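Below you'll find the structure, written out as C-alpha cells, and then a few comments.
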Number of protein chains: 2
Amino acid sequence: MVKNSLGRIIPESFNGKKLIPYKDPYSLMPKGKRAEKSLKRVGPGHKKLLKSLKDAILAAGLKDGMTISTHHHLRNGDYLLNMIIKEIDELGIRGIKIASSSIHPVHAALIPYIEKGVIAGFECGVNGPIGELVSKGELKCPVTVRTHGGRARSVIEGDVEIDVAFIAAPTCDEYGNINGYFGPSACGSLGYAHTDAMYAKTVIAVTDNLVEYPVSPISIPQTLIDYVVTVDKLGDPEKIVSTTTRITKDPVGLIIAKYAAEVIEASGLLKNGFSFQTGSGGISLAVAENVKNKMIEKKIKGSFGCGGITGYFVEMLEAGLFNVLFDVQCFDLKAVQSIGKNMNHIEISADMYANPFNCGAVVNKLDAVILGATEVDVNFNVNVNTESNGYLLHNTGGHSDTAAGAKLAIIVAPSIRGRLPIIRDEVTTITTPGETVDVIVTERGIAVNDKHEDLKKELIKRKLPVKDISELQKEIYAITGRPKPLDFEDEVVALIEYRDGSIIDVVRKVKE
Amino acid sequence: MVKNSLGRIIPESFNGKKLIPYKDPYSLMPKGKRAEKSLKRVGPGHKKLLKSLKDAILAAGLKDGMTISTHHHLRNGDYLLNMIIKEIDELGIRGIKIASSSIHPVHAALIPYIEKGVIAGFECGVNGPIGELVSKGELKCPVTVRTHGGRARSVIEGDVEIDVAFIAAPTCDEYGNINGYFGPSACGSLGYAHTDAMYAKTVIAVTDNLVEYPVSPISIPQTLIDYVVTVDKLGDPEKIVSTTTRITKDPVGLIIAKYAAEVIEASGLLKNGFSFQTGSGGISLAVAENVKNKMIEKKIKGSFGCGGITGYFVEMLEAGLFNVLFDVQCFDLKAVQSIGKNMNHIEISADMYANPFNCGAVVNKLDAVILGATEVDVNFNVNVNTESNGYLLHNTGGHSDTAAGAKLAIIVAPSIRGRLPIIRDEVTTITTPGETVDVIVTERGIAVNDKHEDLKKELIKRKLPVKDISELQKEIYAITGRPKPLDFEDEVVALIEYRDGSIIDVVRKVKE
C-alpha cells in the first residue's frame with residue numbers, strides 16, 4: 001500500500017496490474033507508443049457479413065480471458081452488451097473482461113454471468129446495480145473506473161487491450177461503414193467507439209439497420225471493420241434520455257443555476273469566443289438557460305459547445321450562439337436529429353474530446369464547464385462515483401477531463417441532499433482533484449478555490465454570496481449535523497483511475 | 001538481380017533497402033503491425049502557433065538524413081514544398097528524403113537543391129522535369145514511385161517513416177484543426193495528408209488562412225498537429241486544374257469514349273448501385289458523359305463516384321445519379337466548392353481510398369474505372385510512368401489501385417500517339433499488371449482480357465469492334481511500323497513499387 005498525493009491509500013497492484021499513485025493533474029508524461037495493431041488485407045469480393053452474433057464471436061476467435069468492448073451511446077436503452085454476453089456464455093467462454101465505455105442499470109442482466117464466471121471484471125466504470133453489489137462484496141468482480149478521456153488513453157496506450165470490439169451501429173452497410181445518425185436505434189455521435197474501432201484486434205459492427213453501400217455520412221469507416229452482423233434490435237433510443245435532462249423547476253436548483261451563470265459572467269470569460277460545456281442534469285441545463293440569456297442580451301457569439309450534447313445546446317447552435325458543437329455523445333433525441341444534418345454539429349472521438357495524451361484535446365480549449373457532485377470536500381476534491389453510503393453507483397464520464405481542461409470548472413450542487421451535507425472534510429471517493437476545481441456553487445453560498453483571488457474579489461464586488469469553503473461547510477453542518485463516518489473493510493473492490501492512468505482513489509468494500 | 005513474375009529484372013536492394021519482387025496482385029499478405037508513434041501530452045494553455053516555417057523546422061528537430069512529406073492537393077499550384085526546402089537549405093540541413101504524395105513540374109525549383117545535396121531522394125513518384133533528369137542520369141536522386149494506396153500502406157506499415165509532415169492547410173486554427181474547403185488556397189479534400197498526420201513523428205500545419213478556433217468541418221484534427229505556422233500563400237488553386245480536365249473534342253477521343261461506355265453497359269454493371277471512377281483526362285470525362293446519359297435514359301441510380309473528383313462527378317451527384325462521392329482529391333474548383341457544403345461529398349483518406357492492407361478500401365467496391373496509359377502491351381500490362389522515350393515523367397496515382405479493386409478496369413487510349421503505337425510487345429515500364437486490366441479500348445478496336453470470355457461474346461453480339469490484342473497491335477504496327485527498342489544502361493534510377501510494396505518494375509537510365 002502507498003499513499004498518493006491526496007492522501008489516499010492505494011494498493012501497489014490490482015487485478016495483476018502494477019499501479020501508479022496519483023501525483024497531480026498535469027505532470028505525468030506518456031512514456032510509450034501508440035498500441036500496436038496487426039495489419040490486415042481485405043481484397044475485392046471479400047464478404048464481411050456474417051449470419052449471427054455467435055458466428056461473429058467465433059470468427060473473431062474470442063477465447064477465455066479475453067477483453068471485449070461496447071459503447072454506451074444508447075445508455076440505459078442498450079440491448080447489445082447483454083446479447084453478446086448471453087452468446088458468449090452459450091459458447092462456453094469464460095473469464096471475459098468488459099472494457100465498454102460505460103455500464104448502465106440495464107446491464108444488471110449481466111449479474112448472473114458475473115456469478116457464473118463468464119465475466120471476470122470491468123475495465124470501465126459502472127452505473128447502477130453492478131457497482132452496488134461490488135461495493136457490498138456480494139459480487140467478486142474487479143472494476144477500474146476511468147474517465148472518458150482516460151478510457152481513450154488506456155486503449156491508445158495499450159494499457160487496456162481490447163480483443164474484440166462490438167460496435168452497435170445504428171446505420172451500417174455490409175462493408176462496415178457506420179454512423180449513429182439514422183435508423184430505429186439512432187443514437188447520434190459514436191464518439192466513444194472510434195478508439196475501439198481503431199485499436200481493437202477485431203472489430204465487429206452490429207446493426208439493426210443494414211443499408212445499401214455506402215453509408216453516408218461515415219463516422220467509422222470500413223477500413224477498420226472486420227465483420228458485420230445484424231440483430232433484430234440494438235436498443236431503445238427513447239432510453240438515451242434520462243429523466244434529468246430537463247431544466248430543473250426546483251427553486252433551490254434555480255438559485256444555484258443563477259449563481260453559477262453569474263460566476264461565469266464575473267470571470268470575464270463570457271465574451272465573443274466563449275466555449276462551454278454542461279452536463280444534462282436539471283441544474284446544469286438551468287445554468288445553460290441563464291448563460292444563453294446573458295449571451296443574447298450582450299450579443300455574445302460563442303465559439304463552441306462541447307460534451308454530451310443536449311437539444312438545449314442544439315438550440316444555442318441554431319440561434320448562432322455557438323459556431324460549432326463538439327459532440328462525443330448525444331444526450332437526447334434532438335441532438336441525435338441535429339448531428340445527422342448540421343455540418344457544424346461535429347462528432348468527435350473520446351480521444352479528441354478528452355484524452356490527455358495527444359496533441360491537445362477539446363477540453364483544453366473549454367472556457368467554462370458546469371459539473372455535478374455527490375460530495376465535495378474542503379479541499380475542493382469532488383466525488384461523483386460513490387454515494388455517501390459508500391456504494392459505487394456512478395461512472396466518472398468526462399468530469400475530471402473537463403475540470404482539468406477548462407479555465408473555469410464550476411461544481412453545482414444543493415448544499416444538502418437527502419439530509420446529508422454536500423461539503424465534507426473528506427469526500428468518500430476522490431473522482432476529480434480539487435486542484436482542477438475552481439468554484440463550488442450551492443444555494444447557500446459560493447466557495448472559490450484560493451488560486452482565484454481575483455475572481456473571489458469580483459464576486460464579492462458583485463454582491464454574490466461568496467463564502468470560505470470551511471465556513472460554508474460549518475453552516476451546512478449546523479443543519480445536517482456532522483455525518484457519521486462510513487465503515488469500510490480493507491478489501492479494494494474498484495479503482496478510480498485518473499485520466500492520466502494514475503490511481504486517484506480506490507473503492508473499498510462497505511462494512512455491512 | 002532477380003526476375004519478378006512479369007519478367008522484369010529487379011535489383012535485390014535499392015538505396016539501402018531490400019526489395020520484394022512482384023508476384024501477383026493479391027497474394028502478398030502484410031506481416032507487420034501499424035507503424036509506431038510516440039504518445040504526446042499537450043495540456044491546457046499550450047500554444048502551437050510558431051512565428052515562421054524556419055521556427056517550425058527547428059522545433060520539429062529536423063536533422064540531416066531525415067524524411068519529410070507534403071501533400072499534392074494543390075498540384076502544380078503548390079508553393080509549400082519549394083518554400084520548405086529553401087528553409088531547410090538555409091538551416092544547413094542536408095540529405096533530406098522527400099516522401100510527399102506527389103511531385104509536380106512546379107517543383108523543378110528543387111533541382112538545384114538536389115544537386116546541392118539538400119535533397120537525397122524521393123520516396124514518391126514525380127511528374128515532370130525531375131523524373132526526366134533522373135532518367136537521363138543528370139540528377140543522382142533515387143526515386144521510389146508508389147501508388148496512392150501504396151503510399152498510404154508504406155507509411156502505415158512503417159516502410160516509409162516520415163519524420164516531419166508539413167500539411168498545407170487552406171483553413172486552420174491555432175490549435176491545428178484543418179480543412180481544405182475554404183480560404184484563398186482552398187483545394188478541397190486533404191485525402192493524402194490524413195496518413196501523414198496520423199503517422200509522422202512531428203506534424204506541422206502550414207496555413208495562409210488562420211481562422212478562429214475551431215475550424216469546421218474538420219478534416220484533420222488538432223489531436224495530431226504539433227505546430228501551426230502561417231505563410232503568405234500556400235499556392236495557387238487555379239493550377240489544381242490541368243488543361244486536360246475538360247471533355248475531349250477530338251473525334252478519336254469521342255469514339256473511344258463511346259466504345260468504353262458501351263463496354264460498361266455490355267458488362268451488366270450499369271444498373272442501380274453502379275459505382276464508377278474516371279480520371280480527369282478529356283477522354284475519361286467523355287466516357288463519364290456517355291455513362292451519365294445512359295444512366296439518365298435508363299433511370300439508373302448509382303451508388304458512388306470515387307477518386308479524384310471533378311465538377312463532372314459533382315453534377316452527377318447533384319442530379320441524383322450517385323448517392324455519394326468519395327473524394328481523395330479534388331480535380332477542379334467545382335469539386336472544391338462542393339465538398340465544403342455537401343454532406344454526401346465525402347472526403348476520404350488515401351488509406352480508405354486504396355490501401356491494400358486494411359479491412360477493405362473503397363477501390364474494392366468499384367464496379368468500373370476508366371484509366372489512361374502511355375503504353376499497353378499484349379499481356380494487358382499498362383505503363384503510365386514512363387513515356388516511350390524511356391523518361392520517367394508521370395506518377396502512378398491510383399492507377400494500379402483502382403485496376404486491382406474494380407470489377408471492370410478499362411484502359412482508354414488512342415491507338416497511335418505521337419506516331420507511336422499504343423500497344424507494344426512489352427511496355428517500357430510496367431505500372432499496372434495485366435492481370436488487373438480487363439479491357440483496352442482504342443478507336444481502332446477493343447481488346448478484352450481472356451478472363452472475360454462472356455464480356456467478349458456480349459460485345460461481339462452488340463457489334464462492337466472486338467479484336468484480339470495481337471491482331472489490334474498488328475493493325476496499328478501496319479501504320480506506325482514497329483517501334484525501335486529503347487536503349488537503357490544497367491543503372492536503376494527509380495523503382496516502380498506495386499501497391500503491396502513489391503517491386504513490379506524499375507526505371508533504368510536512358511542511354512543517350
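Hydrogens, waters and symmetry mates are skipped; everything else that's a heavy atom, side chains included, is used. Here is the naming used below: chain letters follow the sequence lines, and residue numbers restart at 1 for every chain. No experiment lies behind these values; they were computed from the predicted model shown.
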| request: Look at atom NZ of B:Lys271 and say whether more than 12 heavy atoms of other residues, nucleotides or ligands are closer to it than 6.0 Å. | output: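 Not buried by this count: 12 neighbours or fewer within 6.0 Å.
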
| remark: By residue number, those in residues 189-204 of chain A with heavy atoms under 4.5 Å from heavy atoms of chain B are A:Met198, A:Tyr199

Atom [atom1] in [X], atom [atom2] in [Y]: separation rounded to 0.5 Å?
| X | Y | atom1 | atom2 | result |
| --- | --- | --- | --- | --- |
| B:Ile156 | A:Thr223 | CD1 | OG1 | 8.5 Å |
| A:Arg34 | B:Glu36 | CZ | CD | 10.0 Å |
| B:Asp173 | A:Lys365 | CG | NZ | 7.5 Å |

| task | Name the region of B:Asn355, side chain, backbone, both or neither, that has any atom closer than 4.5 Å to a heavy atom of chain A. | result | neither

| field | Contacting moiety of B:Thr436, where chain A heavy atoms sit under 4.5 Å | value | neither

Given a strict heavy-atom distance threshold of 4.5 Å, which part of [X] is in contact with chain B: side chain, backbone, both, or neither?
| X | value |
| --- | --- |
| A:Leu366 | neither |
| A:Asn323 | neither |
| A:Ile225 | backbone |
| A:Tyr26 | both |
| A:Glu212 | neither |
| A:Glu174 | side chain |
| A:Ala404 | backbone |

| Audit row: B:Glu157, A:Leu39, side chain to side chain contact (heavy atoms under 4.5 Å, CB included) steps and yes/no | CA-CA 8 Å; B:Glu157 267 199 306; A:Leu39 294 166; 3.2 Å; yes

| query | Counting only N and O atoms by type, is there a donor-acceptor contact under 3.5 Å from the side chain of B:Lys48 to the main-chain atoms of A:Cys359? | reply | yes

| message | For B:Tyr213, is there any backbone N or O sitting under 3.5 Å from a side-chain donor or acceptor partner on A:Ser303? | response | yes

What heavy-atom pair brings [X] and [Y] nearest, and what distance separates the two atoms?
| X | Y | value |
| --- | --- | --- |
| B:Met343 | A:Pro217 | CE-CG, 4.2 Å |
| A:Gly360 | B:Val42 | N-CB, 3.6 Å |
| A:Pro214 | B:Phe326 | CB-CZ, 3.4 Å |

| query | Going through the distances and angles, do A:Ile218 and B:Met352 end up as a side chain to side chain contact (heavy atoms under 4.5 Å, CB included)? | reply | CA-CA 12 Å; A:Ile218 295 170; B:Met352 177 154 171; 3.7 Å; yes

| Should A:Val362 and B:Gln222 count as side-chain neighbours, where that means a heavy-atom distance under 4.5 Å? | yes

| said: I'd like to know which of B:Gly32, B:Pro25, B:Ala406 tops the heavy-atom pair count under 4.5 Å against chain A. | reply: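 Top option by heavy-atom pairs under 4.5 Å: B:Gly32.
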
| request: Between chain A and each of B:Asn344, B:Asn358, B:Asp351, B:Val324, count heavy-atom pairs under 4.5 Å; write down the option with the most. | output: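 Ranked by contacts with chain A, first place is B:Asn358.
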
| task | For chain B, find which of A:Lys33, A:Lys37, A:Arg41 contributes the most heavy-atom pairs closer than 4.5 angstrom. | result | A:Arg41

